[in-house]
Amino acid sequence: HSGRRFSTQTQWKVYLSGEIHSDWREVITEGAAKANLPVSFTSPNTSHADSDDCGAQILGMESTRPNWDSLGARMNSIRTSKHLASADIVVVRFGEKYRQWNAAFEAGFAAALGKSIITVHPPGISHMLKEVNASAHCVCEDPEQVVQILEYTINGKLPEVKRDGEEWKESEAIWGKGNKNP
């Protein structure tokens, strides 16, 4: 199937949004580097403390929590808005343990901008993310699948090991040759 491969000299910009409590970003960036993909990655500030306190540290402390949070949120939105606007692909990771309202917001922002979206999350939270997933081009369970999607999107390369393993069959083996339902 060497005819499937294609090449592009385009440098792709991928924004990595979502949970900050696991190494999913490293899995994707290292996988893309190993595959030698022409990709640059950006993300929101992943230091929870810095993200919370940036506004108060730079502009001064506030006497109420909502005002304190507002300073940080508005300051963080400068980075987020810029990177979302310039991204070709937005990957949004949701974990099971924490509610990632910011990730859902960024997914909605990306959808409003017409960005290509890939969501990543455990199957057990699919129902609560149905609207987010409906706007995604791909819905994954793990970051390795994101790397495979990037490899296919950029270079036309499919993974050697199929997700369904020995159970996997080509569409022709399941549906027959050609288009039976015009």
Side-chain angles (χ1 to χ4, degrees), residues 1-44 46 80 83-98 100 102-177 179:
H1 291 89
S2 62
R4 287 188 199 153
R5 306 266 187 312
F6 50 91
S7 177
T8 177
Q9 296 302 314
T10 300
Q11 179 72 23
W12 294 72
K13 296 178 184 176
V14 178
Y15 182 77
L16 302 175
S17 170
E19 66 95 1
I20 60 172
H21 305 286
S22 68
D23 69 345
W24 70 274
R25 284 180 178 84
E26 288 76 21
V27 171
I28 293 171
T29 57
E30 290 169 10
K34 184 177 178 184
N36 201 29
L37 297 176
V39 177
S40 61
F41 294 96
T42 58
S43 73
T46 58
T80 301
H83 288 312
L84 279 169
S86 66
D88 299 305
I89 299 171
V90 176
V91 178
V92 188
R93 162 78 177 155
F94 295 91
E96 287 183 283
K97 189 173 180 182
Y98 300 98
Q100 287 97 42
N102 59 324
F105 175 80
E106 289 178 8
F109 192 156
L113 292 171
K115 300 299 178 174
S116 296
I117 300 170
I118 301 170
T119 59
V120 186
H121 60 77
I125 61 174
S126 291
H127 176 71
M128 66 185 86
L129 294 170
K130 65 184 179 294
E131 284 80 10
V132 173
N133 286 338
S135 69
H137 290 80
C138 300
V139 178
C140 303
E141 294 178 14
D142 57 60
E144 291 82 6
Q145 288 177 307
V146 174
V147 175
Q148 292 172 342
I149 290 167
L150 293 174
E151 266 196 289
Y152 175 73
T153 300
I154 296 168
N155 293 330
K157 182 179 183 220
L158 289 168
E160 292 180 25
V161 177
K162 311 300 187 253
R163 183 70 171 188
D164 294 315
E166 297 293 321
E167 301 293 317
W168 189 86
K169 296 178 183 153
E170 289 187 359
S171 60
E172 191 174 292
I174 298 170
W175 310 111
K177 192 170 186 160
N179 183 359

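When all heavy atoms are compared, the tightest approach of Leu37 to Leu150 is CD1-CB, 3.8 Å. Heavy-atom minimum distance, Val147 versus Ala32: CG1-N, 4.1 Å. The two residues Ile125 and Gly95 make their nearest non-hydrogen contact at CD1-O, 3.7 Å. Looking at every heavy atom in both residues, Ala103 comes nearest to Ser17 through CA-OG, 3.8 Å. Here the closest non-hydrogen pair linking Val120 and Val146 is CG2-CG2, 3.4 Å.
Distance check: Ile20 CD1 to Asn102 CG gives 8.0 Å after rounding to the nearest 0.5 Å. Atom OH of Tyr15 sits about 15.0 Å away from atom CD1 of Ile118, to the nearest 0.5 Å. Atom-to-atom distance recorded for Glu144:CD and Ile28:CD1 is 8.5 Å, nearest 0.5 angstrom. Here Thr153 contributes atom OG1 and Trp12 contributes atom CH2; the two are 6.0 Å apart, rounded to the nearest 0.5 Å. Separation of atoms SG (Cys138) and OH (Tyr152) is listed at 10.5 Å; rounding is to 0.5 Å. From Lys162, atom NZ reaches atom CD of Gln148 across 10.0 Å, with rounding to the nearest 0.5 Å.
Contact check for Phe105 versus Thr80: no side-chain heavy atoms found under the 4.5 Å cut-off. Side-chain atoms of Val90 and Glu106, non-hydrogen and from C-beta on, never get closer than 4.5 Å to each other. When side chains are defined from C-beta on, Val92 does not count as touching Val132, because their heavy atoms never get closer than 4.5 Å. Looking at heavy atoms from C-beta onward, Ile149 lies in side-chain contact with Cys140 at the 4.5 angstrom threshold. Considering only heavy atoms from C-beta on, Pro122 stays 4.5 Å or farther from Phe94 through its side chain.
Residue pairs meeting the ring pair (Phe, Tyr, Trp, His ring centres under 6.0 Å) criterion with at least one member in residues 16-38, sequence neighbours excluded: His21-Tyr98. The salt bridge (charged side-chain N to carboxylate O under 4.0 Å, His left out) contacts involving residues 10-25 comprise Glu19-Arg93, where partners must be two or more places apart or lie in separate chains. Each side chain to side chain donor-acceptor pair (under 3.5 Å) pair with one or both residues in residues 122-131, not counting sequence neighbours, would appear here, but there are none.
Counting heavy-atom neighbours within 6.0 Å of Glu167 CD, excluding the residue itself, gives a total of 12 or less.
Residues passing the salt bridge (Lys or Arg N to Asp or Glu O under 4.0 Å) test with Glu141, sequence neighbours excluded: Arg163. For Ser116, the side chain to side chain contact (heavy atoms under 4.5 Å, CB included) partners are Ile89, His137, not counting sequence neighbours. Residues that satisfy the side chain to side chain donor-acceptor pair (under 3.5 Å) test with Asn133, not counting sequence neighbours, are Thr119, His121.
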side-chain contact (heavy atoms from CB on, under 4.5 Å), that's the test. Do Leu129 and Val139 meet it? Break it down for me. CA-CA 10 Å; Leu129 294 170; Val139 178; over 6 Å; no
